[in-house]
Enquirer: 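Sharing a structure, written as structure tokens. Questions coming.
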Amino acid sequence: MLLIYTGNGKGKTSACVGQAIRALGQGMAVAFGQFMKRSGQAGEQVMLERLLGERFRAGGKGFLRREEDRPAHRKAAQDMLQWAGETLPGVDMLVLDEALYALGYGIVTREELEHLLELAETEGRHLVLSGRGLPDWLAERADLITEMTEVKHPWQKGVQATRGIEF
């Protein structure tokens with residue numbers, strides 16, 4: 001199945017982590033990659049690394065904010081795609097957190113993502129993607145789409161990112 005967690009609200013990564021935990025609880029082999037986050041940046045990374053070992057990778061460079069940083073982000077995305085392609089055949093589920101961000105920023109191409117979709121289908125593996133900006137072509141291929149909608153968020157009152165909540 002192709003599962004997608006998208007939308008402007010908080011909770012996409014948390015949904016991905018929950019999906020991975022559920023699959024692990026059923027005895028499935030799971031791999032989890034993060035496109036944009038750097039290693040050591042968020043609390044879920046500590047736990048995923050403990051649970052998954054080499055099957056967890058935070059391979060990002062942060063969010064692309066300056067055009068001159070694009071080559072480094074592209075290289076990191078290519079490394080993540082290579083890891084994903086090599087890892088996918090050996091697991092039941094591959095989670096690619098923030099893949100839609102990477103696609104939207106143009107550091108992952110549609111063709112590269114389609115290659116992973118085809119590989120997952122050929123290998124009979126579940127693929128979970130997250131991020132904002134779900135394109136129509138990808139929505140059409142998905143089996144499940146959950147959209148997170150922001151109703152209220154502490155940042156609206158000037159509250160900074162909170163440890164254990166946002167990271």
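Numbers here simply count residues along the sequence, with the first being 1.
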Enquirer: Does L119 belong to the same Ile/Leu/Val/Met/Phe/Trp/Tyr cluster as L96, with side-chain heavy atoms less than 4.5 Å apart forming each link?
Expert: yes

Enquirer: More than 12 heavy atoms of other residues, nucleotides or ligands under 6.0 Å from CD of Q160: is that the case?
Expert: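 Atom CD in Q160 is not packed in, count stays at 12 or less.
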
Enquirer: Is there a donor-acceptor contact under 3.5 Å from the side chain of E49 to the main chain of V46?
Expert: no

Enquirer: Would Y101 and F35 count as a close aromatic pair, with their ring centres under 6.0 Å?
Expert: no

Enquirer: Heavy-atom count around E114 CD within 6.0 Å, excluding the residue itself: above 12?
Expert: yes

Enquirer: Between L64 and Y105, which heavy-atom pair has the shortest distance, and what is it?
Expert: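 Minimum heavy-atom contact is O-CE2, 3.9 Å.
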
Enquirer: What I want to check is whether the side chains of E44 and Q34 have a donor and an acceptor closer together than 3.5 Å.
Expert: yes

Enquirer: Looking at L134 and A139, what are the two nearest heavy atoms and their distance?
Expert: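 Minimum heavy-atom contact is CD2-CB, 3.8 Å.
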
Enquirer: If you define the side chain from C-beta out and look only at heavy atoms, does anything of L127 sit under 4.5 Å from L117?
Expert: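 Side chain of L127 against side chain of L117, heavy atoms only: contact under 4.5 Å found.
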
Enquirer: Please say yes or no: joined through hydrophobic side-chain contacts below 4.5 Å, possibly via intermediate residues, are M36 and F167 part of one cluster?
Expert: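 No, M36 does not connect to F167 through the hydrophobic network.
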
Enquirer: side-chain contact (heavy atoms from CB on, under 4.5 Å), that's the test. Do L116 and L81 meet it? Break it down for me.
Expert: CA-CA 8 Å; L116 278 179; L81 287 164; 3.7 Å; yes

Enquirer: Any idea which heavy atoms bring T6 and G133 closest together, and the distance?
Expert: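 Scanning both residues completely, I find the closest heavy atoms to be OG1-N, 4.0 Å.
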
Enquirer: Hey, is the main chain of V17 close enough, under 3.5 Å, to the side chain of R22 for a donor-acceptor pair?
Expert: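 Not at all, since once roles are kept as given, no pair shorter than 3.5 Å links the two residues.
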
Enquirer: Say whether L113 and V128 are linked into one hydrophobic cluster, either directly or through other cluster members, by side-chain heavy-atom distances under 4.5 angstrom.
Expert: no

Enquirer: F32 and I21: same hydrophobic cluster, using ILVMFWY side-chain contacts below 4.5 Å?
Expert: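 Yes; tracing contacts between hydrophobic side chains, which count when under 4.5 Å, links both residues.
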
Enquirer: Kindly compute the distance separating CE (M93) from CD (Q26), expressed to the nearest 0.5 Å.
Expert: 10.5 Å

Enquirer: To the nearest 0.5 Å, tell me how far Q156 CD sits from H153 NE2.
Expert: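 Reported to 0.5 Å precision, the distance equals 8.0 Å.
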
Enquirer: May I ask you to decide if R38's main-chain N or O and Q45's side chain share a donor-acceptor pair within less than 3.5 Å?
Expert: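 Between the backbone of R38 and the side chain of Q45 there is a qualifying donor-acceptor contact (under 3.5 Å).
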
Enquirer: Please round to the nearest 0.5 Å and tell me the distance separating atom CD of Q78 and atom NE2 of H73.
Expert: 13.5 Å

Enquirer: Any heavy-atom pair between the side chains of R141 and E121 that's under 4.5 Å?
Expert: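 Yes - at least one pair of side-chain heavy atoms lies under 4.5 Å apart.
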
Enquirer: Do S130 and L100 have side chains that approach each other closer than 4.5 Å (heavy atoms only, starting at C-beta)?
Expert: no

Enquirer: Between L52 and E54, is any pair of side-chain heavy atoms under 4.5 Å apart?
Expert: no

Enquirer: Where the side chain of E118 meets the backbone of H115, is there a donor-acceptor pair that is under 3.5 Å apart?
Expert: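 Such a contact is absent between E118 side chain and H115 backbone.
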
Enquirer: Return each pair, listed once, that meets salt bridge (charged side-chain N to carboxylate O under 4.0 Å, His left out) where at least one residue sits in residues 148-165; pairs must be two or more places apart or across chains.
Expert: none

Enquirer: Is there side-chain contact between K37 and K61, with at least one heavy-atom pair below 4.5 Å?
Expert: no

Enquirer: Is there a path from W83 to F56 through hydrophobic residues (I, L, V, M, F, W, Y) whose side chains come within less than 4.5 Å of each other?
Expert: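 W83 does not cluster with F56.
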
Enquirer: What distance do L48 atom CG and R55 atom CZ have between them, rounded to the nearest 0.5 Å?
Expert: 13.5 Å

Enquirer: side-chain contact (heavy atoms from CB on, under 4.5 Å) between M148 and K10: does it pass, once the steps are laid out?
Expert: CA-CA 7 Å; M148 311 295 183; K10 181 182 168 358; over 6 Å; no

Enquirer: Tell me if a side-chain donor or acceptor on D143 pairs with a main-chain N or O of L3 at a distance below 3.5 Å.
Expert: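 Flag not set: sc D143 to bb L3 has no pair under 3.5 Å.
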
Enquirer: Tell me if a side-chain donor or acceptor on T109 pairs with a main-chain N or O of I107 at a distance below 3.5 Å.
Expert: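 No, T109 side chain to I107 backbone: no donor-acceptor pair under 3.5 Å.
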
Enquirer: Using a strict 4.0 Å threshold on nitrogen-to-oxygen distance, state whether D69 and R65 make a salt bridge.
Expert: no

Enquirer: Please answer whether the main-chain N or O of A72 pairs with a side-chain N or O of R74 as donor and acceptor at a distance below 3.5 Å.
Expert: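 No; judged by distance alone, with no hydrogens or angles, the pair does not exist.
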
Enquirer: Using modelled atom types and a 3.5 Å cut-off, is there a donor and acceptor pairing between side-chain atoms of E140 and backbone atoms of W137?
Expert: no

Enquirer: Between Y5 and Q19, do the side chains contain a donor N or O and an acceptor N or O under 3.5 Å apart?
Expert: yes

Enquirer: Please tell me whether Q82 and E86 have a donor and an acceptor in their side chains that are separated by less than 3.5 angstrom.
Expert: yes

Enquirer: Atom OG1 of T146 and atom CD1 of I4: how far apart are they, to the nearest 0.5 Å?
Expert: 10.0 Å

Enquirer: Roughly how far, to the nearest 0.5 Å, is CG of D97 from OG of S14?
Expert: 9.0 Å

Enquirer: With the side chain counted from C-beta on, respond yes when V91 and V30 share a heavy-atom pair under 4.5 Å apart, and no when they do not.
Expert: no

Enquirer: With a 3.5 Å distance limit and no angle check, can you tell me whether K12 reaches the backbone of E98 through a side-chain donor-acceptor pair?
Expert: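 No.
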
Enquirer: Which heavy-atom pair separates L138 from L129 by the least distance, and what is that distance?
Expert: CD2-CD1, 4.0 Å

